[in-house]
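When a residue number appears, it is its place in the shown sequence, counting from 1. Note that this is a predicted model, so its numbers are computed, not measured. Order of listing sets the numbers, starting from 1, for every ligand and every atom in it.
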Amino acid sequence: MKDRQLRDGKIVRSEEPLNLESPFENLDGFITPTARFYVRTHFPVPKIDKDEWRLSILGEVEKPFDISFDELSKLETRTLPVTLECAGNNREFLEPKVKGVQWALGAVGNANWTGVSLSILLERAGLKSSAREIIFEGADAGELEEAKAPRGKVTFARSIPLEKAQDVLLAYRMNDVDLPPLHGFPLRAIVPGWYAMASIKWLTRIVVTDRSFNGYYQTLDYAFWKNGELAPLREMQTKAQIARPANGETVPANSNVRVHGAAWTSGEISKVEVSVDGGSTWKEAKLLGESKPNAWRLWEYNWQTPKAGSATLIARAFDSRGETQPVERDWDRGTYMINQLLPINVAIE
Ligand SMILES: Nc1nc2c(c(=O)[nH]1)N[C@H]1C(S)=C(S)[C@@H](COP(=O)(O)O)O[C@H]1N2
Ligand SMILES: [Mo]
């Protein structure tokens, strides 16, 4: 494994903005402990006083309103395990190299999120018949260097179509404690099944609109080419990752070695297969625990290792819609949605 700088057990990918990766080989349970959960920011983390903070709901609604944290926390809550994966996860493995945070396997995690259904607030506001999209805006903003970006401060904001609204949770607790500042204190959106750029942290405004949102992080960034047109990134693609053995690890010869990892999709994982011969033959791995919508599924495979030498391991996931992972990189995806098969090399001694 390469030398890497660790902070609180996470790999420092950049300091400003702060980007921390969770070493994926540490995977040891369904829930990622909050201290180990990856952190993705674009701007300095906003300092928010919970007592002064307000969430505004406005736009194409009958009764726009503001709500305090105190009031919000008295509404009916739900808790859901949801996997967040950064759309740039695995970027380090792209050849040729591309711009962007060089995430390896660990820009992904699974947490229990507690909060209020977006629907409750939308019902209170009363959607107008013109409502088409819902924009989430964070309290963070900054100036961008890119020539294509607008001048002045850009706010981190993203939209979802109205049909997706019923799935969204406005979360103020993560793994049973108050949402930490790095993960969006006091409130973030959780958009299950979508890449995590949609799960806006430090949420301050929810704007209902009658047209499609064309903000910077919706159209110029976090977008990909789909049939010749730029489309915003949305659903997570099917993927299995191997936690252990890690790439470059040495395992004992003539032994039983546990190969394990996690798999996720925006549908439901139906099967994970493992190859220990570089993709020539595949065996089914065992899916662990129960299937939970929008949360990853842990899996394991018992590998009877041969005599000393080396092996190339690959995992691949299948989902309920019959989707699996591509063998080759589709470059229309730019620097995002990286789920082609990823071989790892293991030494056997
Ligand atoms: N307000 C705001 N929300 C945001 C971001 C951000 O920079 N600002 N980053 C997004 C991206 S790209 C990801 S991958 C996730 C990361 O969530 P985490 O830091 O809790 O892991 O937050 C998303 N929500
Ligand atoms: Mo991300």
Q. How far is atom 15 (C) of ligand 1 from its nearest protein heavy atom, and which residue and atom is that?
A. Ala196 O, 3.5 Å

Q: Check whether more than 12 heavy atoms from other residues, nucleotides or ligands sit under 6.0 Å from atom NZ of Lys97, and answer yes or no.
A: yes

(Q) If I apply the N/O under 3.5 Å rule, does Arg40 come out as touching ligand 1? (A) yes

**Q.** Top protein contact for atom 19 (O) of ligand 1, by heavy-atom distance
**A.** Lys201 NZ, 2.5 Å

Q: Can you establish whether the number of heavy atoms outside Arg211 located under 6.0 Å from its atom CZ is more than 12?
A: no

Q: Heavy-atom contacts with Trp202 under 4.0 Å: which atoms of ligand 1 show up? List them by number with element.
A: 1 (N), 2 (C), 8 (N)

Q.
Taking a cutoff of less than 4.0 Å between a non-hydrogen atom of the residue and any ligand atom, is Glu85 in contact with ligand 1?
A. no

**Q.** Atoms of ligand 1 close to Val39 [distance to a heavy atom under 4.0 angstrom, numbered from 1]
**A.** 19 (O)

(Q) Please check if the number of heavy atoms outside Lys286 that lie under 6.0 Å from its NZ is greater than 12. (A) no

Q.
Any nitrogen or oxygen of Thr41 lying under 3.5 Å from a nitrogen or oxygen in ligand 1? Just yes or no.
A. no

Q. Under 4.0 Å between a Lys/Arg side-chain N and an Asp/Glu carboxylate O for Glu143 and Lys153?
A. no

Q: Please work out whether any backbone atom (N, CA, C, O) or any side-chain heavy atom from C-beta onward of Tyr195 is under 4.0 Å from ligand 1, and answer side chain, backbone, both or neither.
A: neither

(Q) Out of the candidates Arg4, Arg13, Lys10, only one should pair with Glu21 under the side chain to side chain donor-acceptor pair (under 3.5 Å) rule; please name it. (A) Arg13

(Q) Walk me through whether Asp330 and Gln340 qualify under side-chain hydrogen bond (donor to acceptor under 3.5 Å, both in side chains). (A) CA-CA 8 Å; Asp330 172 0; Gln340 73 275 10; over 6 Å; no

Q: Select one of side chain, backbone, both or neither to describe which atoms of Ser199 lie under 4.0 Å from any atom of ligand 1, heavy atoms only.
A: backbone

(Q) Run Arg321 and Ser266 through side-chain hydrogen bond (donor to acceptor under 3.5 Å, both in side chains) and show every step you take. (A) CA-CA 10 Å; Arg321 299 164 304 189; Ser266 53; 3.3 Å; yes

Q: Could you tell me if any non-hydrogen atom of Tyr222 lies under 4.0 Å from any atom of ligand 1?
A: yes

Q: For atom 22 (O) of ligand 1, grab the closest protein heavy atom and report residue, atom and distance to one decimal in Å.
A: Arg188 NH2, 3.5 Å

(Q) Do Ser56 and Asp66 pair up side chain to side chain, a donor and an acceptor below 3.5 Å, judged on atom types alone? (A) yes

Q) For ligand 1, which atoms have a heavy atom of His42 less than 4.0 angstrom away? A) 6 (C), 7 (O), 9 (N), 12 (S)

